[in-house]
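Working notes, beginning with the structure itself.
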Amino acid sequence: MRHAPLPFDFAAPSSEIASWLIGLTLLVDGVGGRIVETEAYDREDPASHSFAGPNPRNASMFGPPGRAYVYRSYGIHWCLNFVCREAGHGAGVLIRAIEPKVGLETMRERRGLRDERLLCAGPGRVGQALAITRAHDGLRLDRPPFRLLPAKEPVEVVAGPRIGISKGRDVPWRFGLRGSRFLSRPFPRGEISS
DNA sequence: CTTAGGATCGCCT
DNA sequence: GGCGATCCTAAGC
């Protein structure tokens, strides 16, 4: 597939942006790697934090696009999203897995692990490896500490059902880099590619 | 390989 | 009081 040029328009639908992000490099304070797994969420989406309307936790999801929405998962993990659509809409893309490339030792220390494969294989692990906290909530993605870099080569993107949700399993809004060994989980065989 | 339980917080009914 | 856009560890097959 072909990537949208950077900087692309975060006002696009979250399902499109989620697939565009696969293969791009994300750095936070110079640490990170290649995005290999994302999930899209939208307002009319029972699995989305925005489904029930604005509240203090999800406020930045209803803010301007192109910013971070950071939430606390299960009271323990920090998870990073990119806000999509127009301000007030309530859409976003969850960054679920990254192929570690830059700052490997920093990420190993933060995670307390050596195994590269497990450093960023899941949204909570990404948060820990990139030291995401509430302080990042609402920050612009086109400025430090964030950096989003274009892919060097075209990538093959696969899609499938989202993980860890009970409602909204019907839409294939999980996207991944085909064949990557850094996914949080493998994609079901024979899934759609683009 | 799969399954089960605990940690721990914010918003919901 | 219940339930998550999760992860880790331990135990079972």
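Just so you know, these numbers come straight off a predicted model, no measurement behind them. For the numbers below, each heavy atom of this structure counts, side chains included, while hydrogens, waters and symmetry mates do not. Every chain is numbered from 1, with letters handed out A, B, ... down the list of sequences.
In the set C/dA5, B/dC11, B/dA7, the nucleotide with an atom closest to the side chain of A/I76 is B/dA7. The A/R111 side chain lies nearest to C/dC8 when the options are C/dC8, B/dC11, C/dT6. The A/I165 side chain lies nearest to C/dA5 when the options are C/dA5, C/dT6, C/dC8. When distances are taken from the side chain of A/N81 to each of C/dA5, C/dC7, C/dT6, the shortest belongs to C/dA5. If you check B/dG10, B/dC11, C/dG4 against the side chain of A/P56, the one that comes closest is B/dC11. Proximity note for A/P123 (side chain, C-beta onward) versus B/dC11, C/dC7, B/dG10: the nearest is C/dC7.
Salt-bridge check for A/R117 with A/D115: failed, with every basic side-chain N at 4.0 Å or more from each acidic carboxylate O.
A cation-pi arrangement is present between A/R174 and A/F187, with the terminal nitrogen or guanidinium carbon under 6.0 Å from the aromatic centre and inside a 45° cone about the axis.
Comparing A/R57 and A/A121 by the nucleotide of DNA chain C that holds the closest heavy atom to each, the one mapping nearer the 5' end is A/R57.
The backbone N or O of A/N55 sits less than 3.5 Å from a side-chain atom of A/N58, completing a donor-acceptor pair.
Partner of A/H49 under the ring pair (Phe, Tyr, Trp, His ring centres under 6.0 Å) criterion, out of A/Y41, A/Y71, A/F62: A/Y71 alone.
Remark: ring of A/Y74 does not overlap the six-membered base ring of B/dA7 in a stacked fashion, as centroids less than 5.5 Å apart with planes less than 30° apart are not both met.
Look at A/R96 and you'll find a side-chain N or O under 4.0 angstrom from OP1 or OP2 of C/dT6. Within the 4.0 Å cut-off from OP1 or OP2 of C/dA5, not a single side-chain nitrogen or oxygen of A/R72 is found. Residue A/S184 has no polar side-chain atom (N or O) positioned under 4.0 Å from OP1 or OP2 of C/dT6. A close approach under 4.0 Å does occur between a side-chain nitrogen or oxygen of A/H49 and OP1 or OP2 of C/dA5.
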